[in-house]
Amino acid sequence: MNREKEGSFYGHGQRSRSRYYMLDIKYLRENPADVETRLASRAVSVDLRLFKSLDEKRRALLTEAESLKARKNAVSIEIGKLKKEGKDAGTIAVGLQEASDRIKSLDAEALTVQKALDDFLLYIPNLPHQSVPIGSDANANPVVRTWGEPKEFVYPPLEHTEIGERLGILDFERAGKLSGARFSLLKGAGALLERGLINFMLDLHTAKHGYTEVLPPFMVKSSAMVGTGQLPKFAEDLFKIEGWDHYLIPTAEVPVTNMHCDEILDEAALPLCYTAYTPCFRKEAGSYGKDVKGLIRNHQFNKVELVKFTTPETSYDELEKLLSNAEEVLRVLGLPYRVVSLCTGDMGFSAAKTYDIEVWLPGQGKYREISSCSNFEEFQARRANIRYRPKGGKPRFAHTLNGSGLACGRTLVAILENFQQEDGSVIVPEALRGYMGGLERIRRGA
RNA sequence: GGAGAGGUGGCCGAGCGGCUGAAGGCAGCUGCCUGCUAAGCAGUUGUAGGGGUAAAACUCUACCGGGGGUUCGAAUCCCCCCCUCUCCGCCA
């Protein structure tokens with residue numbers, strides 16, 4: 001078995017598919033100014049001159065090669081006919097070998113240009129939707145709504161690390177012995193709480209919100225990472241399996257979205273709604289010093305994800321629903337939160353529009369991200385070749401969306417901090433008690 | 001790890017050097033017919049990229065798992081790789 005072969009960034013699965021990018025190459029060709037200004041709002045500049053020269057070079061090479069091929073094909077058919085009639089074809093076959101050689105070199109050159117074009121285009125992020133606020137960083141993200149009242153504490157509320165360690169349910173010291181910084185180890189009621197949260201969230205999304213549960217692989221091929229946009233640009237954020245073309249998933253979005261790569265979906269089946277629990281693995285490169293302690297920013301954490309495949313017409317309605325489904329988790333648990341709309345400068349690479357849900361953390365005295373819900377429009381569908389067939393029509397790219405519903409570790413943090421009691425215990429939200437053997441309160445030694 | 005079988009269009013499934021983008025079937029679309037949620041008949045329907053057009057029409061190229069080779073010409077022959085299935089072994 002040869003697992004070591006590097007997957008091509010340009011081939012998905014077994015197919016070589018090199019002409020799907022962030023947007024229609026024709027659109028970029030015909031509306032460079034629009035692309036430029038919309039990307040500028042995300043503080044991304046593209047070298048359109050480079051694009052233009054590569055694009056033109058490629059087309060010139062194609063034209064020449066293809067006309068040679070056309071001539072060669074015509075002659076070949078003639079030869080076939082003559083041979084069938086028992087005649088000699090020697091005279092018209094003259095020079096064909098030379099033409100073939102010329103074609104070969106033109107094709108090779110075209111491929112080189114094509115790769116340069118791919119390299120250029122695969123690094124261009126999605127274009128923001130018109131409704132996305134313009135801004136350069138998180139400070140420009142408008143608050144869309146706020147839910148719940150942060151509880152007043154009569155004492156200075158503790159952070160989750162302290163609460164957890166005192167209760168003996170979080171053990172960062174031992175996690176460090178095993179795996180180093182940014183790993184965590186849950187014990188007793190802590191482990192049970194995490195497990196309960198996973199089950200609670202999955203049950204809510206399947207039974208109440210109608211999502212189909214998926215339990216996908218936690219490692220995927222590089223082509224899947226290209227499909228959702230993690231590669232090629234963000235390789236440094238991912239854990240790669242040595243000697244394999246596989247990566248540990250940074251989110252369930254990757255396997256679940258790529259589930260339908262190279263497929264043509266039935267329009268009547270849309271929207272497809274999936275929910276999946278997976279651990280997530282992230283290098284967190286460049287976040288040195290931030291949230292070093294605790295569960296907030298780990299190399300491995302659990303998350304329940306929501307993923308949708310929709311038509312272009314309905315994707316923004318579906319985004320609102322998905323967001324609301326994610327919020328519901330916090331509402332049922334009784335955790336105060338707010339929703340912000342990410343501005344152009346703060347959005348991820350693949351997203352056309354993103355809402356973040358931020359939960360209130362009394363220990364830190366601020367709202368912290370606990371979910372990110374995005375519409376990717378065609379961006380991922382183009383890369384992963386996910387289409388659907390409209391009634392009687394030609395296949396079109398589907399729209400993909402996803403959001404955390406929710407990050408389990410951070411939800412656990414929110415529960416510990418929001419429901420901590422002066423005596424050091426933590427009240428278990430009612431909705432979770434059924435998942436924890438009826439446990440109502442976590443006390444030391446539980 | 002060992003031994004076989006196989007990967008063809010939206011799906012099923014023929015083809016095994018030339019006029020095959022690919023028979024046949026299903027599904028879809030368009031007519032006709034039928035007074036009823038059906039059936040019949042006829043026609044039609046791949047994807048991508050060039051050129052062309054106001055848009056079409058039209059035209060060229062590529063694509064039968066991926067890559068390379070042989071040949072004037074390959075879905076068909078050769079080599080390498082990937083994947084799927086069956087049996088044996090091993091294992092959770």
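Computation of the quantities below employed the complete heavy-atom set of this structure, encompassing side-chain atoms and omitting hydrogens, waters and symmetry-equivalent molecules. Here is the naming used below: chain letters follow the sequence lines, and residue numbers restart at 1 for every chain.
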When rounded to whole Å, the CD to P distance for the pair Glu263(A) and U47(B) reads 17 Å
Here the distance between atom P of U45(B) and atom CD1 of Ile264(A), to the nearest Å, is 17 Å
Residues passing the side chain to side chain donor-acceptor pair (under 3.5 Å) test with Ser350(A), sequence neighbours excluded, are none
Classify the nucleic acid contact of [X] as base, sugar-phosphate or nothing, counting any heavy atom under 4.0 Å across all strands shown.
X	answer
Arg29(A)	sugar-phosphate
Lys394(A)	sugar-phosphate
Asp266(A)	nothing
Ile77(A)	nothing

Between Lys52(A) and Glu56(A), is there a side-chain N and carboxylate O pair less than 4.0 Å apart? yes
[atom1] atoms of [N] and [M], separation to the nearest Å:
N	M	atom1	answer
A74(B)	C83(B)	P	28 Å
C11(B)	A27(B)	P	15 Å
C12(B)	G69(B)	P	32 Å
U8(B)	U47(B)	C1'	14 Å
G24(B)	G31(B)	C1'	24 Å

Walking RNA chain B from its 5' end, the first of Ala74(A) and Arg389(A) to be reached, judged by nearest nucleotide, is Arg389(A)
RNA chain B nearest-nucleotide lookup for Ser76(A) and Asp55(A): closer to the 5′ end is Ser76(A)
Heavy atoms of His160(A) and Leu416(A) approach each other most closely as O-CD1, 4.0 Å
For Phe234(A) and Gly229(A) the tightest heavy-atom approach is CD1-O, 3.7 Å
Quick note, Arg387(A) side chain, CB onward, closest among G73(B), U47(B), G49(B) is U47(B)
- Query: Is the His399(A)-Phe309(A) ring centre distance short of 6.0 angstrom?
  - Reply: no
Taking a pair to mean Watson-Crick or G-U wobble geometry with both distances below 3.5 Å, U76(B) pairs with none
